[in-house]
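Here the structure is laid out as structure tokens; the discussion comes afterwards.
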Amino acid sequence: MPLVTDITLKEGSEPEWDAVMRERLETARQQPGFVRGQLLIPLADLNKRVIIGTWDTRAAWEAWHEDATFVETRKRLEGLEAQPGEQWWHEVILDVQP
């Protein structure tokens with residue numbers, strides 16, 4: 001189950017936000033149900049970020065939100081974001097890999 005999150009960062013907070021998100025994604029790797037995570041920067045808008053997190057189930061993603069590192073990084077990230085992110089869940093209908 002992929003979840004796409006679109007976030008706008010406060011000007012100048014990008015390096016710190018990226019570092020905290022790297023820490024969070026490293027922790028996610030250890031969580032049951034985590035499949036993969038991507039952090040993207042739109043070339044036309046360098047203070048935006050797009051996160052694509054893929055989980056086996058939505059329940060696994062929700063359980064991760066109870067993790068102490070997730071809670072701690074959430075507080076740190078909120079102070080660096082210009083506004084709350086928007087999220088969209090997706091259902092995979094095709095996954096083509098090499």
Side-chain angles (χ1 to χ4, degrees):
M1 298 262 336
L3 175 65
V4 178
T5 304
D6 185 47
I7 299 170
T8 301
L9 305 178
K10 292 179 181 175
E11 290 280 333
S13 70
E14 298 89 351
E16 183 179 356
W17 191 94
D18 291 344
V20 175
M21 185 53 66
R22 278 187 196 94
E23 180 183 329
R24 175 184 275 190
L25 288 174
E26 277 302 313
T27 301
R29 292 176 74 184
Q30 303 163 20
Q31 300 300 310
F34 180 76
V35 176
R36 74 176 54 90
Q38 294 178 299
L39 178 57
L40 311 173
I41 301 173
L43 294 177
D45 205 345
L46 299 179
N47 73 320
K48 290 196 176 244
R49 298 294 183 270
V50 177
I51 305 164
I52 303 173
T54 304
W55 294 80
D56 285 334
T57 64
R58 192 169 179 165
W61 176 82
E62 290 171 355
W64 177 51
H65 286 228
E66 304 295 321
D67 181 84
T69 301
F70 179 91
V71 173
E72 188 268 330
T73 57
R74 175 75 259 151
K75 291 175 187 173
R76 291 167 52 199
L77 292 170
E78 285 175 349
L80 304 172
E81 297 168 358
Q83 59 198 25
E86 295 183 53
Q87 298 180 326
W88 302 271
W89 281 100
H90 298 77
E91 187 77 32
V92 176
I93 59 170
L94 181 63
D95 185 7
V96 179
Q97 299 183 28

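Predicted, not measured: the structure shown is a model, and the values here were computed from it. Side chains included, hydrogens not; waters and symmetry mates left out as well; all remaining heavy atoms used. Starting from 1, each residue takes its place in the sequence as its number.
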- Could you pull out all residues at least two apart from Trp64 that satisfy ring pair (Phe, Tyr, Trp, His ring centres under 6.0 Å)? Trp55, Phe70
Between [atom1] of [X] and [atom2] of [Y], what distance do you get to the nearest 0.5 Å?
X	Y	atom1	atom2	answer
Gln38	Thr54	CD	OG1	7.0 Å
Phe34	Thr27	CZ	OG1	10.5 Å
Leu40	Ile7	CG	CD1	11.0 Å
Met21	Leu9	CE	CG	9.0 Å
Leu39	Trp17	CG	CH2	5.0 Å
Gln30	Asp67	CD	CG	8.5 Å

Are [X] and [Y] linked, directly or through other ILVMFWY residues, by side chains that come within less than 4.5 angstrom of each other?
X	Y	value
Met1	Val4	no
Trp89	Val92	no
Ile51	Leu3	no

- Criterion side chain to side chain donor-acceptor pair (under 3.5 Å) against Thr8, the qualifying member of Lys48, Glu81, Arg49: Lys48
- Message: Is any side-chain heavy atom of Glu26 closer than 4.5 Å to one of Thr69?
- Response: no
- Task: Could you tell me which non-hydrogen atom of Ala60 sits nearest to which non-hydrogen atom of Pro32, and how far apart they are?
- Result: CB-O, 3.6 Å
- Any pair with a residue in residues 53-62 that passes salt bridge (charged side-chain N to carboxylate O under 4.0 Å, His left out), sequence neighbours left out, goes on the list, sorted by first then second residue, please. Arg58-Glu62
- Could you give all pairs that pass the salt bridge (charged side-chain N to carboxylate O under 4.0 Å, His left out) test and reach residues 3-16, with sequence neighbours left out? none
- Query: Which one of Arg74, Arg76, Lys75 satisfies the side-chain contact (heavy atoms from CB on, under 4.5 Å) criterion with Glu72?
  - Reply: Arg76
